[in-house]
Amino acid sequence: MVQRQSTLFLPTLREDPADAEAVSHTLLLRGGFIRQVGAGLFTWLPAGWRVHQKVVQIIREEIDAIGGQEMLCPVLTPAELWERTGRIAIPEVFKLSDRSGRRFVLPLTHEETMTFHARELRSYKELPQLWYHFSIKERDEARPRGGLLRLREFIMKDSYSFDRDEAGLDVSFERHEGAYVRIFERCGVEAFLVEAESGTMGGKESRGFLAPTGSGENELMRCENGDYYADIEAARGVPRAPQFPSVMEAPEEVATPGVTTIEGLAELLGIDDAATSKAMPVVTGDRLVLALVRGDDRLSEEKLMTFFQAPFRPATEDEIRAAFGAGGGSLGPIGVAMEVIADEALREGQFVAGANRDGWHLRGVEAGRDYQPTFVDIRQAKEGDGCPVCAGRLTVQPAIEVGHIFKLGTFHSEALDATFLDEDGRERPIVMGSYGIGPARTIAAVVEQRHDETGIVWPRSIAPYDVHVLSLSGGSREVEAIATSVAEELSAAGYDVLLDDRDERPGEKFADADLLGCPLRVTVGKRSLDDGAVDVRRRGESEDTRVPRASVIDWTSED
RNA sequence: CGGGGUGUAGCUCAGCCUGGCUAGAGCGCCUGUUUUGGGGACAGGAGGCCGCCGGUUCGAAUCCGGCCACCCCGACCA
């Protein structure tokens, strides 16, 4: 069927909307693909929904190909399920009640519901299973942003694997990894598989797929030699070697009046800021712990949280006074009663540290000799770090997390009693994995990666239409007739065709065609008709090519 | 949740500081004429509770207070 543009709801915008910042947001709005309803809430208009559906179909084919069974769970979920896993405590969970006070949750993902169904799996003979659905997710986000980058409501493909043991889970996990690689490839997104932090709740191993873009929620760290990719939160960059001053037999106090910053300290003492250390007292549970990183590094909260397996907060000024007898800026690891977690970068060498006495620091502080820390990688990697694989330089760029895969283990199956009987008649919890892709974010990533000054450059696989036929009729019946016949011929040949039959001037049609970004464009007008031809061009090319009317199909099938 | 910003026509914005008479521009929209290969021209027209509520004032888009919405930065994001 040929879609006639004169009857299509495709409201394109000539100017950039005021409240769009990200390129993907701007172009999707201007091209008439999406419209905002509220913060983090969008409607997919007809053209946008076509793109969304194409992405969905690609995902469906690839998940089916690894044995996925598509189903559909409800969005309204009894709160009881969420109480049993404890996830009801997550701040982002939307909660509501019905008229008689029964409590419900709008899921952020469907582990609870899927595990609820997995209780019908009773025997090892029924495992493994792989279930998935496309459904709406709701998140009470503190700050939605960037158009489709962070939404409060969105469609997600989430799949869940149910295996009898860890080895089975490994297989399910690897199959998803492969399927995801193929999905992003088919959608025309460049996305890298990276290690990600698994965070505080459940989950042994987690990997993300990061698509590098002009703007995004995450930061992709990559080696200049292309052999290492990671989310910055989990990246293991190698910090540069500090320039140490001469070695000292024992720590020595040095007066540093009024100095409370690393920059000030390094300048006053005339040393490399990498030869200093920075102490951050934090409270986790009811423990006060001292986190210690190199002066030029930042503490990675994700890494520390993963180490604690619990959230933490910075200690208050009062707590610091009481425990150290000094204020922030003069704190150090020597002589303190609490546990000290030191970053790996502090393992070797002598550093300047706070003396726990206002206005004083210690030179020549050496881990192992002067204090006994637990060494953990808690520094946030940064641009310029060395690659952990090849020692090349690491660079950082914004990225969109388009997919995430988790090894959940038995966290949910134990909470919800999803067990099976093995060959020996023993009851065991099902071993689970969960795997998510957001089509909206995938689309945003495609637009971020594939656009020019005039609009989107869709890959054929997910373009709203394959061919955009422009009828520059200027009232000419003959041109209209030819344009229509070209469109119908292409449609009959299996292409998705949009025919611009509107009564608009040529300039407007060209501009809209660029915005919309279909891969192939056929222009029919009086000019070319005079030599029995039409003008064609691929999106991204700067000039038309004249081809005989009769060989349009030959041209389109070149791709 | 902390910080910053913005709400005036469908869209992009001016006017607000320093209150004043009928609230403006460009684009878009409707009618007509003309034009037709990269967002035409002319003529006529429609379209506004100036985010909402309250206050000050003879008089409020403009000043004051409260609220709401949206955007950006940060915090947060199993």
Side-chain angles (χ1 to χ4, degrees), chain A residues 11-22 25-26 29-30 32 35-42 82 85-93 105 107-112 137 139-147 149-152 158 196-204 206 208 215 217-218 231 233 301-302 305-306 309-314 401 404 406-409 411-412 415 434 436 453-455 470-476 479 483 500 502-515 521-530 533-537 542-544 546:
Chain A
T12 55
L13 301 173
R14 182 183 295 239
E15 295 174 272
D16 283 350
D19 50 9
E21 198 105 327
H25 190 191
T26 305
L29 282 171
R30 287 191 57 205
R35 282 296 182 266
Q36 180 159 357
V37 177
L41 303 172
F42 284 82
W82 291 71
T85 59
R87 295 214 302 167
I88 196 155
I90 296 171
E92 279 73 27
V93 171
V105 156
L108 344 106
T109 57
H110 277 77
E111 276 84 357
E112 280 77 3
K137 303 297 182 253
R139 297 190 180 182
D140 190 358
E141 288 288 355
R143 183 156 102 79
R145 62 162 292 247
L149 297 184
R150 181 186 293 195
L151 295 163
R152 286 200 292 184
D158 41 328
E197 288 294 321
S198 51
T200 54
M201 268 187 76
K204 296 181 162 56
S206 106
S215 63
E217 286 284 88
N218 296 65
D231 189 308
E233 298 292 353
E301 297 180 11
E302 291 287 325
M305 208 187 310
T306 301
Q309 281 295 298
F312 67 90
R313 61 172 175 83
E401 189 184 70
H404 207 144
F406 285 95
K407 290 186 183 177
L408 294 174
F411 179 86
H412 295 83
S434 80
E453 326 70 58
T454 63
L470 308 189
S471 168
L472 305 188
S473 66
S476 155
V479 170
D500 191 350
R502 295 174 302 164
D503 182 21
E504 297 292 347
R505 300 175 55 82
E508 228 163 304
K509 296 196 176 197
F510 291 132
D512 278 346
D514 290 340
L515 256 183
R521 186 173 101 186
V522 178
T523 305
V524 182
K526 288 183 195 133
R527 222 182 254 185
S528 55
L529 226 52
D530 292 340
V534 297
D535 292 319
V536 299
R537 93 159 66 167
S542 55
E543 287 190 5
D544 282 353
R546 185 149 296 182

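Atom CD of A/E508 and atom P of B/U35 are 19 Å apart (whole Å). Going from atom CD of A/E21 over to atom P of B/C71 covers 11 Å, rounded to whole Å. Atom-to-atom, CG of A/L472 to P of B/U35 comes out at 17 Å; the value is rounded to the nearest Å. Atom CG in A/D503 sits roughly 16 Å away from atom C1' in B/G28 (whole-Å rounding). Spacing between atom CG of A/D19 and atom P of B/U12 amounts to 7 Å, rounded to whole angstrom units. Counting to the nearest Å, the P atom of B/A78 and the NZ atom of A/K137 are 16 Å from each other. In this structure, A/D16 atom CG and B/C27 atom P are separated by 18 Å, rounded to whole Å. Nucleotide B/G38 holds its C1' atom 14 Å from the CD atom of A/E453, rounded to whole Å.
Taking atom P in both B/G28 and B/A43, one finds a spacing of 15 Å when rounded to whole Å. Rounded to whole Å, the separation between the C1' atoms of B/C58 and B/A41 comes to 48 Å. When the C1' atom is used for both B/A61 and B/C16, the distance is 7 Å, rounded to whole Å. Atom C1' of B/G24 sits at a distance of 32 Å from the matching atom of B/U36, rounded to the whole Å.
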Every protein N/O lying under 3.5 Å from an N/O of nucleotides 6-8 of chain B:
none

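For B/A78, neither phosphate oxygen OP1 nor OP2 lies less than 4.0 angstrom from any side-chain nitrogen or oxygen of A/R87. Applying the 4.0 Å criterion to OP1 and OP2 of B/G28, one finds that A/R14 has a side-chain N or O inside that range. Close to B/C73, at under 4.0 Å from its OP1 or OP2, lies a side-chain N or O of A/R143. Contact annotation: A/R145 reaches the phosphate of B/C73 (side-chain N/O to OP1 or OP2, under 4.0 Å).
Looking at heavy-atom distances under 4.0 Å, A/P11 makes no contact with the nucleic acid at all. Across all strands, A/R521 comes closer than 4.0 Å to base atoms (heavy-atom distances). At a threshold of 4.0 angstrom between heavy atoms, the contacts of A/R30 include nucleobase atoms, whether or not backbone atoms are also involved. At the heavy-atom level, A/L108 lies under 4.0 Å from base atoms of the strands shown. Heavy atoms of A/A142 sit under 4.0 angstrom from at least one base atom. Residue A/R502 is out of contact with every strand shown, counting any heavy-atom pair closer than 4.0 Å. Using a 4.0 Å heavy-atom distance criterion, A/G146 is classed as a sugar-phosphate-only contact. Among the protein residues, A/E301 comes within range of the sugar-phosphate backbone only, with heavy atoms under 4.0 Å from sugar or phosphate atoms but none that close to a base.
The listed nucleotides are B/U12, B/A78, B/A75; the one nearest the side chain of A/E111 is B/A78. Set against B/C76, B/U12, B/C70, the side chain of A/E15 has B/U12 as its closest nucleotide. Minimum atom distance to the side chain of A/I90 is reached by B/A78, of the listed B/G26, B/G37, B/A78.
At a cut-off of 3.5 angstrom, counting only N and O atoms as typed in the model, there is no donor on one side facing an acceptor on the other between the side-chain of A/R537 and the base of B/G37. Evaluation of atom-type donor-acceptor distances gives no pair under 3.5 Å for the side chain of A/R505 against the base of B/G39. A donor-acceptor contact under 3.5 Å links the side chain of A/T109 to the base of B/A78.
Looking at heavy atoms from C-beta onward, A/H25 lies out of side-chain contact with A/L149 at the 4.5 angstrom threshold.
Mapping A/E92 and A/A18 onto RNA chain B via the closest heavy atom, the residue that lands nearer the 5' end is A/A18.
Between the side chains of A/D512 and A/T12, at least one donor-acceptor pair of N or O atoms lies under 3.5 Å. A/S473 and A/R502 are not linked by any side-chain donor-acceptor pair at a separation below 3.5 angstrom, with hydrogens and angles left out of the test.
In this structure, B/C63 and B/G55 make a Watson-Crick or G-U wobble pair, each of the two defining distances being under 3.5 angstrom.
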